[in-house]
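Have a look at the structure below, then the notes.
For clarity, every value in this text was computed on a predicted model and none was experimentally measured. Numbers here are sequence positions counted from 1.
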Amino acid sequence: MADLKNLPFDQSMMLDALPTGVALLDGANRIINANASFWAAVDADQGAACTFHDLFSLEPDLFFGKGETIMLGEKHYSLVVRPLAGAGAVCHLHEVTEWIEGQNRAHASSNFDILTGLGNRGSFLPELERAFESRTQSALIMVDLDHFKTVNDTLGHPVGDTLLRKVSERLTSALRKSDRVARFGGDEFVVLQCDAEQPFGAEMLAKRLVELIGRPYVIDGHMIDIGASVGVALRGEAEDAIGLMKQADIALYRAKRAGRGQYCFFEPSMDAAMQERRALEVDLRRALAFRQFELYYQPQMDLKTRTVTGMEALIRWRHPERGIVTPAQFIPIAEETGLIIPIGEWVIRQACEHAASWSTAIPVAVNVSAKQLASGKLTNTVLNALASSGLPPERFEMEITESVLMSDVEGCVATLYALRELGIKISMDDFGTGYSSLSYLQSFPFHTIKIDQSFIRSMDPIKSKGIISAITAIGSHLGMTTIAEGVETAAQLDQATESGCGSAQGYLFSRPVPADEISSMLERLATTPVGLDDILGDPEPAEARPIVATDLYRLVYYSRNMVMGLDEEVRSTVDQILATSQRNNAAAGITGALMFTDGLFAQVLEGGQAAIETVFEHIQRDERHGEVQLLSFGPVETRVFPGWAMAFVGQNEASAEKFGHYAADSGFDFAAADGDAITSQLRALLCDEESLSVRAAA
């Protein structure tokens with residue numbers, strides 16, 4: 001150190017050691033001195049005769065007192081010039097490459113989705129606003145993956161992430177260069193379609209996305225099937241970009257509610273429906289707080305002794321302004337919002353209190369939702385309700401549907417067995433309407449099977465009787481009792497009795513009544529167990545009753561159908577066509593006839609107006625049908641086709657012979673008067689290709 005102190009001070013050595021470039025300018029902006037870092041940055045020989053402008057192509061006064069970022073070669077520098085009084089200026093040159101690149105990376109991550117590489121909400125919204133302000137024809141398409149959560153839950157998040165990347169690739173492949181796509185988070189994507197003829201362009205793209213995303217994926221050895229729900233809003237229907245997003249979101253919600261795996265365009269009525277739904281949700285929360293719910297009870301009758309063997313509790317909402325709100329209106333909202341759990345807890349407590357006060361020791365049955373069963377609180381809720389009311393466990397019964405069991409089979413089994421060990425009875429409601437009812441009967445501890453009312457009210461009593469007899473035989477073999485739901489007529493009661501059902505429930509015995517009318521109902525049923533129609537007059541429509549012969553309408557349409565053509569010579573293929581139509585439509589109470597002619601496919605649908613419109617709308621959206629044309633639609637007095645029929649309409653004798661046995665097997669006589677009228681109409685409309693469009697339009 002002593003030696004260093006005695007060395008002469010060298011300013012140039014100190015300046016050259018600095019990482020920051022420093023240069024001294026004279027009054028003419030010439031470089032009169034600079035350190036090594038400066039000359040290295042500007043890539044010039046040290047001590048070269050040059051001016052500031054020679055090095056930077058700019059004048060130094062642009063950098064006075066403030067830093068500006070410039071590029072020298074491939075590096076970024078911050079350049080600052082500070083004037084020196086009477087001696088020119090000093091120039092500072094500091095490399096900021098890492099800082100700039102870090103800023104760029106941060107900016108990129110804030111505008112792009114890291115997982116898929118697509119734009120995100122932050123980068124997409126400005127583009128949407130620019131497109132909206134440009135007043136070009138554009139459409140906003142929102143895409144939500146169906147059943148994606150199941151993939152994450154069963155196969156893990158790494159597989160789910162890979163699936164999202166594959167979906168983003170398929171989305172991108174379906175777009176034009178002028179279109180924009182972004183991932184808004186989770187499994188939700190949004191597409192902006194610009195400069196396309198609308199609504200045709202948006203419809204074609206939406207249809208393509210539903211089809212493309214719905215194709216199977218293979219990831220890590222797993223075959224994965226998901227779908228996509230798509231909502232579409234057109235630029236001209238919204239006031240601003242935010243309004244357009246709201247409309248697309250509403251359309252997406254409607255597509256999901258309609259069954260997923262399809263697209264839906266926004267309509268103004270949807271906004272009103274959404275506002276009504278939100279208002280109903282607010283009222284539903286208030287109803288829980290202000291105790292606006294009531295329980296009604298419907299008896300279950302033993303078919304041998306004609307005595308009441310139980311009561312099913314049915315919830316009603318008495319709204320101060322809306323009046324009675326049906327469960328069909330508010331239960332779906334309660335399920336979506338999670339309110340079904342506190343509402344269900346109230347039902348259990350109230351039903352136990354009511355049942356404990358009845359004069360006879362009959363059980364009470366309560367419906368339980370999937371969310372209640374999955375909440376982990378159900379067992380404690382039931383135990384507390386029984387303890388508080390003093391109702392014995394053997395007088396409490398839980399009714400669950402098959403859909404309740406499908407989300408978490410192992411968890412459901414554990415909960416149901418725990419409840420059964422307490423002495424509580426478990427019954428399967430709406431049996432026969434699910435996919436795996438027989439397997440569930442083996443896995444779950446059911447005491448009772450409730451046969452769905454669609455079998456009781458079927459328009460084909462012979463087949464229904466066989467199905468009901470089979471269910472009762474299975475129940476008997478497994479030690480379970482059977483209850484026929486929806487019995488409304490003496491004929492239906494006879495059918496349930498002859499099929500071996502142990503009990504029945506329906507309007508023939510009693511409509512649901514409030515708790516304070518239980519005593520009078522029991523007294524009446526003790527003396528007059530059936531024949532309620534004669535006492536009270538025509539009953540009100542049964543709750544959740546399938547649409548049948550009341551409000552009857554008939555629809556006739558045709559299409560060019562590539563799948564259901566006459567080139568198939570295998571009988572099993574035709575059988576499948578008939579079975580598919582029966583399966584798809586029978587649940588809604590629709591019957592009718594399938595009719596073929598050369599190159600065309602026609603169908604007659606008979607049932608309730610709403611059900612027919614729903615089915616026909618599905619047909620319109622089915623890509624297998626081409627040029628769907630409505631021939632006639634209107635109210636009628638009676639069904640022409642009480643079941644399902646199939647026949648060939650036209651002059652081709654071979655085809656007529658081929659399909660003749662299906663008409664005969666259906667039980668419908670195509671030679672009957674009404675049948676002749678319809679077949680004549682179809683023959684005139686379908687067999688004259690040249691005048692087809694004129695006749696259809698007329």
Side-chain angles (χ1 to χ4, degrees), residues 281 283-298 300 310-318 325 327 330-358 361-430 440 443-448 450 512 514-515 518:
E281 180 182 337
D283 289 350
L284 188 60
R285 297 182 185 276
R286 186 180 294 113
L288 187 60
F290 288 94
R291 301 181 181 276
Q292 295 175 359
F293 296 113
E294 300 176 4
L295 287 186
Y296 279 52
Y297 295 90
Q298 189 173 36
Q300 298 164 345
M311 291 280 186
E312 180 180 1
L314 302 168
I315 190 171
R316 298 290 185 269
W317 176 11
R318 190 176 297 278
V325 183
F330 71 85
I331 290 298
I333 298 176
E335 289 275 2
E336 292 177 15
T337 59
L339 289 172
I340 192 66
I341 294 177
I343 291 174
E345 291 174 351
W346 175 86
V347 170
I348 291 173
R349 293 194 301 270
Q350 194 68 38
C352 288
E353 291 179 10
H354 286 161
S357 66
W358 295 340
I362 55 178
V364 62
V366 173
N367 292 280
V368 174
S369 76
K371 289 187 179 293
Q372 283 179 273
L373 196 57
S375 67
K377 302 166 58 178
L378 183 59
T379 302
N380 288 335
T381 298
V382 173
L383 285 174
N384 293 335
L386 294 175
S388 175
S389 63
L391 185 72
E394 59 270 17
R395 287 186 56 197
F396 184 80
E397 183 172 351
M398 286 196 331
E399 295 187 3
I400 60 175
T401 61
E402 188 172 326
S403 60
V404 171
L405 309 175
M406 296 181 68
S407 58
D408 179 16
V409 175
E410 293 183 2
C412 289
V413 169
T415 301
L416 294 179
Y417 270 104
L419 291 168
R420 178 164 177 163
E421 289 177 1
L422 298 174
I424 294 168
K425 296 179 179 179
I426 313 292
S427 66
M428 174 178 273
D429 198 9
D430 301 334
Y440 286 137
S443 304
F444 292 89
F446 295 114
H447 291 84
T448 305
K450 300 191 73 175
I518 292 290

With sequence neighbours left out, write down each residue that passes side-chain hydrogen bond (donor to acceptor under 3.5 Å, both in side chains) with Arg286, or none if nothing qualifies. Asp283

Pick one: which of Tyr296, Phe330, Phe290 meets ring pair (Phe, Tyr, Trp, His ring centres under 6.0 Å) with Trp317? Phe330

Mind listing the closest non-hydrogen atom pair of Val368 and Leu373 along with its distance? CG1-N, 4.3 Å

Return a table of donor-acceptor pairs under 3.5 angstrom between the side chains of residues 339-351 and protein atoms on other chains or two or more places apart.
from: Glu345; atom 1: OE2; to: Lys377; atom 2: NZ; distance (Å): 3.4
from: Gln350; atom 1: NE2; to: His354; atom 2: NE2; distance (Å): 3.0

Yes or no on side chain to side chain contact (heavy atoms under 4.5 Å, CB included) for Leu284 and Phe293, after CA distance, side-chain angles and deciding distance? CA-CA 10 Å; Leu284 188 60; Phe293 296 113; 3.6 Å; yes

Distance check, rounded to the nearest 0.5 Å: Asn367 atom CG versus Ile315 atom CD1? 10.5 Å

Which is it for Ile400 and Leu416 under the side chain to side chain contact (heavy atoms under 4.5 Å, CB included) test, yes or no, and what are the steps along the way? CA-CA 10 Å; Ile400 60 175; Leu416 294 179; 3.7 Å; yes

dist Met428:CE -> Lys450:NZ (nearest 0.5 Å) comes out at 13.0 Å

Are side-chain heavy atoms of Lys425 and Pro393 found at a separation under 4.5 Å? no

Restricting to salt bridge (Lys or Arg N to Asp or Glu O under 4.0 Å), what partner residues turn up for Glu335, sequence neighbours left out? none

Working to the nearest 0.5 angstrom, can you tell me the gap between Glu312 CD and Gln298 CD? 7.0 Å

So does Ile362 get a backbone contact from the side chain of Arg395, meaning a donor-acceptor N/O pair under 3.5 Å? yes

Enter the distance from Glu353:CD to Ser389:OG here, rounded to the nearest 0.5 Å. 7.0 Å

Walk me through it: do Val364 and Cys352 pass the test side chain to side chain contact (heavy atoms under 4.5 Å, CB included)? CA-CA 8 Å; Val364 62; Cys352 288; 5.5 Å; no

Looking at every non-hydrogen atom in both residues, tell me the closest pair between Ser427 and Phe446 and how far apart they are. C-CD2, 3.8 Å

Once rounded to the nearest 0.5 Å, what's the spacing between atom CE of Met398 and atom CD1 of Ile424? 6.5 Å

Does the pair Glu281 and Glu336 meet the rule for a side chain to side chain contact (heavy atoms under 4.5 Å, CB included), with working shown? CA-CA 10 Å; Glu281 180 182 337; Glu336 292 177 15; over 6 Å; no

